[in-house]
Amino acid sequence: MANFTAKDVNELRKSTGVGMMDCKKALTEADGDVEKALELLREKGLATQAKKAGRVAAEGMALAKVNAEGTVGCVVEVNSETDFVANTDEFKAFVNLVADTIIEKNPADVEALKAMTVSGGSATVDEALQELFLKIRENLQIRRFTRLEGTLAAYTHGGGSIAVLVQADTPAGTTAETVTALKDCAMQVCAMNPPYLNREAVPASVLEEEKKIVLAQMAEDPKMASKPDQVKEKIVAGKVGKYYSENCLLEQAFVKENKQTVQEYVNGAAKSQGTTITLTKFVRYERGEGIEKKADNFVEEIASMIQ
């Protein structure tokens, strides 16, 4: 008979989060050696994790975070299979730990991140991910991240459905007024999802395509046939201007006060401090965007269970 007690099983369960029966089996196989049982659980967990790696993980959390000084920050997305797991405290704590590690250690990519020691700990990020899997038993993936430096503000919406990080250059640094203005811009990005920061960022090919669409629309309109070319050119210019106001963050109407643009709002925030604020970049992650989710057919699923 294996040399362990019910207390040993309970302690192993508490330390790993793994089910009671799995802990008992591991201790039996390890002949009561707790360290060996832990190793066995990890090995079995990794094997199960490999099997589940192909399952779709489109839920989870997108998080934007900056350091205490507001000078280094990141946006990161970590995916799970279900929103139930995404809403657990353990999952949220792991995502925050990953964000802290990115901010502190500046990894080159996700693989480099996994090999790094977690912020304030001794395990690697990959080991911490494996430990979390042992408790949760779902496919978990650190999908992507972006790290920025400068004057920053972060905004995470809806418990992690959308995360935005905004970067700016300003002689004033991270004053409360500047951070408030940048956070308002981050909320604008979250709500309006502009593809570009300003008109200079719009590719020439995109503008040419927009112009072609407008010209094609005018060609189909009998009322436009007799219009002089200079009038048509003005109409095209007006349509392009509207494209800028809809798709460029700084030219969008500010959602909190739509009588001014985002650029005018930022200029006002800068003027009130006697300084300048130049938005240089924003990053917006939406949880699960671009991941093809499995469409469940519950009728077929129940039918297969009955059979």
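- The aromatic rings of Tyr265 and Phe254 lie parallel to each other, their planes meeting at an angle below 30°, with 60° marking the opposite boundary.
- With contacts defined as side-chain heavy-atom distances shorter than 4.5 Å, the pair Leu197/Lys281 does not qualify.
- By the rule that hydrophobic residues join a cluster once side-chain heavy atoms approach within less than 4.5 Å of another member, Val125 and Val95 end up as members of one cluster.
- In this structure, CG on Asp126 lies 7.5 Å from CD1 on Ile142, to the nearest 0.5 angstrom.
- With a 4.5 Å cut-off on side-chain heavy atoms, Phe4 and Val34 do not count as touching.
- To the nearest 0.5 Å, the span separating CD on Glu209 from CD1 on Ile213 amounts to 5.0 Å.
- Contact record, Arg287 with Met61: CD-N, 3.9 Å, taken as the closest heavy-atom pair.
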>> Show, in sequence, the C-alpha distance, side-chain angles and deciding distance for Val255 and Met187, and conclude whether the side-chain contact (heavy atoms from CB on, under 4.5 Å) test is met.
In response: CA-CA 9 Å; Val255 290; Met187 293 173 71; 6.0 Å; no
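- Side chains of Ser80 and Glu59: no donor on one and acceptor on the other come within 3.5 Å.
- For Thr170 (side chain) and Thr276 (main-chain N/O), a donor-acceptor pair under 3.5 Å exists by modelled atom type.
- In terms of modelled atom types and a separation under 3.5 Å, the side chain of Gln167 and the main chain of Glu149 share a donor-acceptor contact.
- At a threshold of 4.0 Å, the pair Glu210-Lys239 does not count as salt-bridged, since none of the basic side-chain nitrogens sits closer than that to a carboxylate oxygen.
- With a 6.0 Å radius and a threshold of 12 heavy atoms from other residues, nucleotides or ligands, Asp109 has its CG atom above the threshold.
- When all heavy atoms are compared, the tightest approach of Tyr155 to Lys183 is CD1-CE, 4.0 Å.
- For the atom pair CD1 of Ile102 and OG of Ser119, the computed distance is 11.0 Å after rounding to the nearest 0.5 Å.
- The main-chain N or O of Thr261 is never found under 3.5 Å from a side-chain atom of Glu251 such that the two would form a donor-acceptor pair.
- Counting heavy atoms from C-beta on, the side chains of Leu279 and Leu182 come closer than 4.5 Å.
- Salt bridge present: Arg144 and Glu289 bring a charged side-chain N and a carboxylate O closer than 4.0 Å.
- In this structure, a donor-acceptor pair under 3.5 Å is absent between the side chains of Ser272 and Glu177.
- Contact between Ala37 and Ala30 at its shortest, heavy atoms only, is N-CB, 3.6 Å.
- Here the side chains of Asn106 and Arg147 are in contact, with some heavy-atom distance below 4.5 Å.
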